[in-house]
Amino acid sequence: MTTFKRNIASVVAPATGLTEEAVESVITLPQHEGQGDFSFPCFPLAKTLRQAPAAIAIDLAKRLQPPPGFVKIEALNGYLNFFVDKSDFASQVISEIIQNGPAYGNNAQGTGKIIAIDFSSPNMGKELAFHHLRGTMIGNSLSRIYHKNGYKVERINHLGDWGTSYGKLIVMFLRAGLGEADLPTLTLERLNALYRDFDAASKQNPGLEDEARQAFAKLESNDAFYRILWASFREVTLHELRRLYAILNVEFDAYVGEAFFADRLESVLELLKSKNLLRESQGAEVVDLEAFGMPPALIRKTDGSTLYITRDLAAALYRREHYGFEHCFYVVDNGQSLHFQQLFKVLELLGMDWHGRCEHIPFGLVLIKSEDGGWEKGKTRTGQSSLLKDVLEAARDKILGIMAEKNPDLAGSHEIATRIAVGALVFSELKNRRLNDIRFEWDQALSFEGDSGPYVQNAHVRLCSILRKTGLDRKAWTVADLNGIRWEIFTDSSSLALVDLLAQYPDKVVTASLSRDPCPLAQYALSVADAVHRFIHDCRVLGVPEERERLLLVHAAKSVLGSALELIGVPAIESM
RNA sequence: GCACCGGUAGCUCAGCUGGAUAGAGCGCUGCCCUCCGAAGGCAGAGGUCGUGAGUUCGAAUCUCGCCCGGUGCACCA
């Protein structure tokens with residue numbers, strides 16, 4: 001792909017006076033048939049050459065000889081269209097895929113650089129709701145994408161495990177008559193129920209809020225019994241989280257929750273004071289951000305306790321010191337953009353010259369139907385949101401039904417059904433741009449038709465199935481397999497369309513990293529799946545004279561599609 | 001009121017670092033398995049790209065105003 005662009009640049013640059021880099025950067029891929037394979041738009045030349053773009057294109061088309069790898073140059077509508085030698089193109093693309101193996105699509109953009117990425121980060125004592133899937137999978141996918149771009153990625157789960165909320169849990173735990181003896185059998189479900197009980201009970205008994213604050217104060221002062229309760233609650237939460245993350249195939253390098261920063265808060269306050277940023281306001285301590293068009297950042301409450309942003313300041317300072325990151329990403333929903341604007345501004349005011357390396361990566365909200373029929377943000381606390389484990393189970397069960405009908409040989413395989421369910425749910429989260437709000441509806445969440453995860457997974461399955469029939473599914477392909485390949489076999493439109501897409505993979509890996517959005521890769525996987533299904537439909541592979549060549553393409557397509565699926569976190573399964 | 005985000009086919013959405021004739025899926029009308037997996041393929045109908053201006057040779061894409069929807073804006077995280 002890059003060699004083809006470079007070859008175009010090598011003939012266009014001298015004829016136009018542009019640099020080769022400038023030519024390469026404007027080369028586009030045409031959208032319609034008859035427009036060649038690469039295009040150079042002549043419009044920007046109109047001014048300097050004082051000629052109409054169409055005339056420039058016609059003139060260039062006459063004067064230029066097709067560069068290596070090309071057979072024809074044509075002028076059309078002010079574009080200079082280059083037609084590749086199809087055999088040559090297929091040869092270059094497929095050879096590159098075979099030579100690189102799983103490293104195809106890798107680049108060195110991030111070599112030697114570290115990215116700290118904070119995602120998922122649920123609250124202790126609460127079950128994962130369906131809406132947590134979005135941030136979790138966006139963060140997971142971005143981690144993999146940046147890794148493929150050469151970065152070292154540190155995945156951080158910034159567990160919400162400190163604050164008055166945990167006073168609430170302790171209060172309700174004790175009020176329910178539970179004690180240390182009950183800890184071994186405690187479940188996350190039970191803890192989550194205690195939360196809801198607290199909300200209900202505190203409406204009747206407003207004094208409960210005070211009790212919770214006192215309980216948290218006692219926890220903060222390291223009361224031994226309260227520390228044991230807290231540690232158990234945390235372990236129960238982590239146990240269930242790890243179970244779900246395993247199903248989703250999501251991993252973290254660190255579970256560093258807010259509690260970890262508890263004893264660093266004083267030094268944050270000292271730092272703010274030393275820079276003369278802290279002001280007293282209505283009995284609380286704030287950093288005034290009015291000059292920047294923002295409300296003040298509330299650092300310390302009237303009762304002396306600290307807040308979210310105080311802990312986030314401590315976390316940012318720690319991460320910078322501990323990881324020395326190039327970028328620090330916060331994958332958190334769009335509703336918190338003000339918080340992050342304030343956080344980054346305070347870091348700037350503190351004189352942290354790296355504040356610009358911190359970046360909020362917002363995503364749209366998951367809305368649920370409200371009582372009046374409108375749509376609103378779902379809240380775990382009130383129990384309106386569906387639990388992630390329930391949605392996963394429902395999806396798996398529905399898929400088991402479909403499998404029984406479509407592939408009785410595999411019927412009953414919970415493992416495969418689960419992987420299809422994960423693929424379906426994850427793909428529908430990531431195929432759209434991350435800032436779009438999503439409306440949760442059961443019917444839609446459990447719809448597996450059309451442009452869906454299963455459709456893309458099925459393309460991979462069909463490729464695997466063909467390879468399996470020849471015993472080549474576990475083969476390690478090498479450049480030796482390219483000897484004697486008749487590249488002209490790939491010049492039919494279905495094969496060529498597939499080859500063309502495979503060639504675009506490295507660019508898509510970069511695009512996704514620059515937009516900080518898995519969406520381009522999900523869309524790409526979809527178009528590869530389209531091309532695969534069409535290829536399999538149009539081109540018989542086994543038992544035909546072209547078998548050897550087509551098996552090579554099948555393997556190349558499987559390899560690239562599998563890689564793209566891995567990047568977005570959709571399981572690349574081999575049968576379904 | 002201020003701020004962030006969205007507004008493209010009946011519905012759900014791609015396309016947005018400006019480029020040629022705006023693309024999918026669902027739904028609707030039909031067609032294709034004696035053939036490697038039909039969870040598949042092919043064809044048809046369906047569009048003032050919210051709206052008004054501006055920048056430009058060229059705007060769904062950039063800038064500004066307005067309208068509609070979601071979210072946030074001091075002691076929760």
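Model, not experiment: these values are computed from the prediction. Convention: sequence-line order gives letters A, B, ...; per-chain numbering from 1.
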To the nearest Å, give me how far apart [atom1] ([X]) and [atom2] ([N]) are.
X: A/Gln523; N: B/C16; atom1: CD; atom2: C1'; answer: 13 Å
X: A/Phe340; N: B/C5; atom1: CZ; atom2: C1'; answer: 16 Å
X: A/Asp530; N: B/G25; atom1: CG; atom2: P; answer: 7 Å
X: A/Asn458; N: B/G25; atom1: CG; atom2: P; answer: 15 Å
X: A/Asp118; N: B/A77; atom1: CG; atom2: C1'; answer: 13 Å
X: A/Leu526; N: B/G15; atom1: CG; atom2: C1'; answer: 13 Å
X: A/His533; N: B/C36; atom1: NE2; atom2: P; answer: 16 Å
X: A/His555; N: B/C36; atom1: NE2; atom2: P; answer: 23 Å

Legend entry - Pair of N/O donor and acceptor under 3.5 Å linking B/A3 base with A/Ser337 side chain: no
Inset, instruction - State whether the distance check finds a donor on one side and an acceptor on the other, under 3.5 Å, for side chain A/Asn81 versus base B/A20. - result: yes
Paired with [N]: which nucleotide, if any, by Watson-Crick or G-U wobble criteria at under 3.5 Å for both distances?
N: B/U12; result: B/A24
N: B/C62; result: B/G54
N: B/G6; result: B/C68
N: B/C35; result: none
N: B/A43; result: B/U29
N: B/G1; result: B/C73

Roughly how far apart, to the nearest Å, are [N] and [M] at atom [atom1]?
N: B/G25; M: B/U21; atom1: P; answer: 23 Å
N: B/G69; M: B/C16; atom1: P; answer: 29 Å
N: B/C66; M: B/C26; atom1: P; answer: 41 Å
N: B/G23; M: B/A14; atom1: C1'; answer: 7 Å
N: B/C4; M: B/G44; atom1: C1'; answer: 43 Å

Legend entry - Donor-acceptor side-chain pairing of A/His131 and A/Asp333 below 3.5 angstrom: no
Inset, instruction - Would you please say whether a donor-acceptor pair under 3.5 Å links the side chains of A/Gln336 and A/Tyr308? - result: yes
Legend entry - A/Asp199/A/Arg196 under salt bridge (Lys or Arg N to Asp or Glu O under 4.0 Å): CA gap, chis, key distance, verdict: CA-CA 5 Å; A/Asp199 281 346; A/Arg196 284 199 297 274; over 6 Å; no
Inset, instruction - Flag the pair A/Glu24 and A/Lys5 as a salt bridge only when some basic side-chain nitrogen lies within less than 4.0 angstrom of an acidic carboxylate oxygen. - result: no
Inset, instruction - Remember a base hit wins even if backbone is also touched, and classify A/Leu365 as base, sugar-phosphate or nothing at under 4.0 Å, heavy atoms. - result: sugar-phosphate
Inset, instruction - Determine the contact category for A/Ser452: base if any of its heavy atoms lies under 4.0 Å from a base atom, sugar-phosphate if only primed atoms, P, OP1 or OP2 are that close, otherwise nothing. - result: nothing
Inset, instruction - Establish, for the pair A/Lys508 and A/Tyr524, whether the NZ or CZ atom is under 6.0 angstrom from the six-membered ring centre and no further than 45 degrees off its axis. - result: no
Legend entry - OP1 or OP2 of B/G37 under 4.0 Å from side-chain N/O of A/Ser465: yes
Inset, instruction - Using a cut-off of strictly less than 4.0 Å, decide whether A/Lys406 has a side-chain nitrogen or oxygen near OP1 or OP2 of B/G37. - result: no
Inset, instruction - Please say whether more than 12 non-hydrogen atoms of neighbouring residues, nucleotides or ligands are located less than 6.0 Å from CD in A/Glu441. - result: yes
